[in-house]
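Worksheet for the structure shown next.
These figures come from a predicted structure and were not determined experimentally. Just the heavy atoms: all of them, side chains too, but no hydrogens, waters or symmetry mates, feed the values below. The sequence lines fix the lettering, A, B, ..., with proteins before strands; numbering per chain opens at 1.
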Protein chains: 2
Amino acid sequence: MKASKKKKLEAAGWKVGSAADFLELSDAEEMLVNMKVALAKKVKAMRQEKKITQQQLAKLIGSSQSRVAKLETADRSVSMELLIRSLLSMGATRAQIGSIVGTRKTKKVAKAKKKKALVKG
Amino acid sequence: MKASKKKKLEAAGWKVGSAADFLELSDAEEMLVNMKVALAKKVKAMRQEKKITQQQLAKLIGSSQSRVAKLETADRSVSMELLIRSLLSMGATRAQIGSIVGTRKTKKVAKAKKKKALVKG
DNA sequence: CAACTGTATGTCATATCCGACATATGTCAA
DNA sequence: TTGACATATGTCGGATATGACATACAGTTG
């Protein structure tokens, strides 16, 4: 978080910690979730492009249809690892995956959510 | 795997399956490992650039020195998730991480390892 | 309507990953 | 040498992710 913003928030009565504080963590957490959602969408897109069912993809990656469904909906029980493994198994290149990971989709709601996450001091 | 290469291998007496075969999986696995190693190196590089100890980084990400050590050596017990989370906690951008994920480091040993992984038919 | 296909959701036992701790190794200075 | 500090390695109980299964839901076809 920028120092100017932090000062403003503190002046408004918000409790803002240091380095490992709530906000920073939630920032990282949010980015992680966004990455997962982006990867999940790619899994679904690639599968549909290949015209195969979740069942078939499941077999391809040695898993089950239900887990593939969770993968594509970015369920909280799925790891980054499995998402990437799935993409690789469908033939995605590291460059493609890197592009997804590195491309931030601008979201308008971000700010509102962030404010909610703050703790009134 | 390219069709030409597959044909060659089969002619030489190697058993080569289809889509979900051993080779493809081990390819994905190898890429995954390579990604992890690249991310691990970045964790170490960023930490050293910030001139902080593993202990301090551990505190920053809510972990322990031993786990940070494993992180930086790409121990098999560390997940992609934790690697990325650590980078984000140190202030890495999605673009930076995406670049690491997407950049393949050419390795000469790859071919030899691949041949070893084949199953004589 | 029923029957079928594809996808989503909930649950569970087990496998994997986690932080934490002890301890080893390595380096440098007193 | 001893001590202090940074990093690596092994282990362990608890937390989380896993594949598998049942089942619900949504289309489509007959």
Task: Interatomic distance, A:Ile61 CD1 vs D:dA17 P [rounded to whole Å] - done: 16 Å

Task: d(CG, B:Leu57; P, C:dA20) in whole Å - done: 13 Å

Open item on the list: To the closest 0.5 Å, what do you measure between CD (A:Gln54) and NZ (A:Lys70)?
Closed with: 11.0 Å

- [ ] Could you tell me whether B:Ser64 contacts a base, only the sugar-phosphate backbone, or nothing, with contacts defined as non-hydrogen atoms closer than 4.0 Å?
- [x] base

Open item on the list: Determine whether A:Glu72 and A:Arg47 satisfy the following criterion, side chain to side chain contact (heavy atoms under 4.5 Å, CB included), listing intermediate values before the conclusion.
Closed with: CA-CA 10 Å; A:Glu72 296 186 354; A:Arg47 179 179 64 79; 2.5 Å; yes

TODO: Ignoring backbone atoms, establish whether A:Ser79 has a side-chain N or O less than 4.0 Å from OP1 or OP2 of D:dT18.
DONE: yes

- [ ] Nearest whole angstrom, please: distance from the C1' of D:dA6 to the NZ of B:Lys59.
- [x] 17 Å

Task: Contact state string [nucleotides 6-16 of chain C, B base, S sugar-phosphate only, - no protein heavy atom under 4.0 Å] - done: SBBBBB-----

Task: For A:Glu81, all residues meeting side-chain contact (heavy atoms from CB on, under 4.5 Å), sequence neighbours excluded - done: A:Ser79, A:Arg85, B:Leu32, B:Lys36, B:Ser79, B:Met80

Donor-acceptor list for residues 95-103 of chain A side chains, cut-off 3.5 Å, not counting sequence neighbours:
| from | atom 1 | to | atom 2 | distance (Å) |
| --- | --- | --- | --- | --- |
| A:Gln96 | OE1 | A:Thr93 | N | 2.9 |
| A:Thr103 | OG1 | A:Ser99 | O | 2.6 |

Task: By side-chain contact (heavy atoms from CB on, under 4.5 Å) - contacts of B:Val37 (at least two apart) - done: B:Val33, B:Lys41, B:Ala74

Task: Set of side-chain contact (heavy atoms from CB on, under 4.5 Å) partners for B:Ser63, sequence neighbours left out - done: B:Ile61, B:Arg67

Between the protein and nucleotides 25-27 of chain D, list every N/O to N/O distance that falls short of 3.5 Å.
none

TODO: Send over the distance from A:Leu32 CG to D:dT16 C1', rounded to a whole Å.
DONE: 14 Å

Task: Distance (rounded to the nearest 0.5 Å) between A:Leu71 CG and A:Leu82 CG - done: 4.5 Å

- [ ] Please identify each residue that fulfils side-chain contact (heavy atoms from CB on, under 4.5 Å) with A:Met31, with sequence neighbours left out.
- [x] B:Leu88, B:Arg94

Task: Interatomic distance, B:Met80 CE vs C:dC17 P [rounded to whole Å] - done: 12 Å

